[in-house]
Protein chains: 2
Amino acid sequence: MLDFWFTENHTNSYKVSWRVTKLLHSETSALQEIAVIESPDLGRALLLDNVVQTSTRFEFIYHEMIAHVPLMIHPAPKKVLIIGGGDGGVAREVIKHPTVEQIDLIEIDERVIRVCQEWMPDLSSVLSSKKVNILIQDGLQYIKKLSNHYDIVIIDCTDPSGPSLELFSKEFYQDVFDALKADGILVSQTGSPIFSPHFRQALKNLQEVFPRTRPYLTCDPTYFAGYWSFTIGSKEYGLENIINDRFSSLNTLFYTPEVHKAAFVIPRYIQNIID
Amino acid sequence: MLDFWFTENHTNSYKVSWRVTKLLHSETSALQEIAVIESPDLGRALLLDNVVQTSTRFEFIYHEMIAHVPLMIHPAPKKVLIIGGGDGGVAREVIKHPTVEQIDLIEIDERVIRVCQEWMPDLSSVLSSKKVNILIQDGLQYIKKLSNHYDIVIIDCTDPSGPSLELFSKEFYQDVFDALKADGILVSQTGSPIFSPHFRQALKNLQEVFPRTRPYLTCDPTYFAGYWSFTIGSKEYGLENIINDRFSSLNTLFYTPEVHKAAFVIPRYIQNIID
């Protein structure tokens with residue numbers, strides 16, 4: 001039998017390998033290397049520049065937690081912007097909220113969308129919905145033109161390198177702040193609190209822009225061992241606010257209002273990194 | 001530079017590698033292979049049969065959570081039994097509770113204790129305390145002789161293979177039940193809910209013996225990605241019971257009463273594995 005493995009270097013001294021039973025797709029787009037593999041413990045996995053972005057077995061953890069936490073805090077989210085998210089998984093969760101009327105998805109690399117439509121239809125089929133408006137464009141440029149426009153902005157990007165680097169900057173967060181309505185909410189994935197050097201800086205940058213900011217944590221086998229973080233910036237609503245009534249629409253595998261509250265409980269050693 | 005790695009096979013299709021800067025110790029005892037490595041992302045790590053047991057950088061997560069959750073549920077734990085735990089980390093946490101008068105530590109392999117005393121003194125120094133009584137013996141045999149004796153039994157063992165296999169069986173849990181006082185509490189590490197096939201069976205075995213059982217979760221970079229589980233069996237006390245007053249004695253890096261409560265919030269897809 002072929003003993004064929006994909007290896008991701010999480011740090012210079014820590015790497016993870018998944019057995020590959022099929023290399024379903026591989027290409028170099030104008031922006032990055034895109035691949036789809038099949039692995040017994042992940043199902044199908046999307047790789048961008050040799051980093052696992054999502055996997056069919058565990059994708060619900062990340063997609064539910066990045067979408068439902070900010071949306072359940074907002075009393076009536078109608079217009080939602082997703083920056084990145086070309087696989088469609090975040091849009092699929094956002095559209096479950098009955099109040100949502102429009103989802104703008106700004107993906108910089110059209111090839112990510114096309115590859116996911118071919119190989120991960122459970123994630124990307126939502127992209128053909130009439131409520132979803134796809135723009136192939138740099139999110140950094142798009143956001144600059146808008147003010148007082150969105151209820152929620154979700155930053156579903158790769159870790160900071162190449163095209164994603166500026167998506168963790170104070171300047172970008174200020175542009176998102178301006179593009180949000182007066183009671184709007186931003187959320188971004190912010191990496192591993194332990195192993196990602198940008199976690200602390202991204203939080204500090206958000207704190208300089210938004211009056212209410214807090215990280216929250218999940219535990220996702222697809223990414224680094226230990227916690228994976230998201231960080232919220234809110235203009236008005238308290239982050240402990242949960243609109244429980246809407247939960248019955250969501251049909252989730254990970255998210256519940258109890259999981260929502262527990263995700264904001266930060267163990268001391270991670271709080272020490274933040275302080 | 002030497003490019004020297006330690007690799008642990010978590011499953012047949014998923015493995016993790018840590019860079020090794022020093023192989024500090026390596027031996028084959030009568031029962032297992034014992035090694036201590038130094039790695040930039042783990043600090044010093046104890047390996048038994050090529051599986052990371054604990055690391056100086058992250059050991060507090062596992063040791064605090066396996067010790068303080070059951071002890072904080074018990075109003076006045078006095079006599080505590082640790083099965084396994086030769087590195088001393090669990091005993092170091094248990095002894096922080098002022099009510100504790102005696103800790104019996106039953107380790108099957110004396111060499112584990114000696115190696116940790118040499119290379120991990122921050123964990124094992126507590127083993128010289130007058131409150132700690134070390135017995136080099138098989139925990140399976142030791143427990144059979146006792147009844148109505150302990151307030152808390154902590155099973156700090158390797159995953160089920162070799163000498164640990166029976167430490168997840170219904171028969172053993174019944175022996176622990178009998179060795180506990182009428183209001184006693186058992187806790188065991190029960191592996192990765194996703195990747196460890198024994199998680200579900202261990203919980204079912206406990207449910208057949210103890211009137212109150214519940215798993216709780218942590219997220220620990222030392223072990224498999226995703227959650228790591230512990231399971232509690234309690235004869236009397238409700239598992240949501242927390243003796244908050246005692247927390248001020250504990251001086252923890254991970255555990256807080258809020259972390260305690262959050263650890264019992266089980267995401268739906270893991271609840272589905274249990275049901």
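We name chains A, B, ... by the order of the sequence lines, and we start the count at 1 in each one.
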Region of A:Leu217 in contact with chain B, defined by heavy-atom distances below 4.5 Å
neither
Is the backbone of B:Phe6 close enough, under 3.5 Å, to the side chain of B:Glu8 for a donor and an acceptor to pair up by distance?
no
If we ignore angles and hydrogens, is there a donor and acceptor under 3.5 Å between the side chains of A:Glu64 and A:His68?
no
Part of A:Phe60 within contact of chain B (heavy atom distance under 4.5 Å)
side chain
Between B:Asp41, B:Val16, B:Val265, which residue shows the highest count of heavy-atom pairs closer than 4.5 Å to chain A?
B:Asp41
Where on B:Ile61 is there a heavy atom nearer than 4.5 Å to chain A: the side chain, the backbone, both, or neither?
side chain
Looking only at B:Thr7, B:Asn12, B:Thr256, B:Thr222, the option with the highest number of non-hydrogen pairs under 4.5 Å against chain A is B:Asn12
Verify, without hydrogens or angle tests, whether B:Ser55 (side chain) and B:Gly43 (backbone) share a donor-acceptor contact under 3.5 angstrom.
no
Against chain A, work out which of B:Lys261, B:Gln271, B:Lys15, B:Arg19 has the most heavy-atom pairs shorter than 4.5 Å and name it.
B:Lys15
Bottom line for A:Trp5: the part with an atom under 4.5 Å from chain B's heavy atoms is side chain
Count the heavy-atom pairs under 4.5 Å between each of A:Gly226, A:Ala263, A:Ser13 and chain B, then report the option with the highest count.
A:Ser13
Would you say the side chains of A:His74 and A:Tyr237 form a donor-acceptor pair under 3.5 Å?
no
Can you find a heavy atom in the side chain of B:Tyr223 that is under 4.5 Å from one in the side chain of B:Ser192?
no
Do side-chain atoms of B:Arg44 reach the backbone of B:Thr54 as a donor and acceptor pair under 3.5 angstrom?
no
Which one wins on heavy-atom pair count under 4.5 Å against chain A: B:Ala262, B:Pro267, B:Ser17?
B:Ser17
Write down the atom of B:Val112, the atom of B:Leu48, and the distance for their closest heavy-atom approach.
CG2-CD2, 4.0 Å
Option that, when pairs with chain B are counted at under 4.5 Å, heavy atom only, ranks first among A:Phe224, A:Tyr255, A:Phe247
A:Phe247
Please rank B:Thr218, B:Thr252, B:Asp220, B:Thr21 by heavy-atom pairs under 4.5 Å with chain A and give me the top one.
B:Thr252
Please look at B:Val259 and chain A and tell me whether the side chain, the backbone, both or neither of the residue comes under 4.5 angstrom of a heavy atom of that chain.
both
Looking at A:Thr231, A:Asp159, A:Asp156, which one forms a side-chain hydrogen bond (donor to acceptor under 3.5 Å, both in side chains) with A:Gln189?
A:Asp159
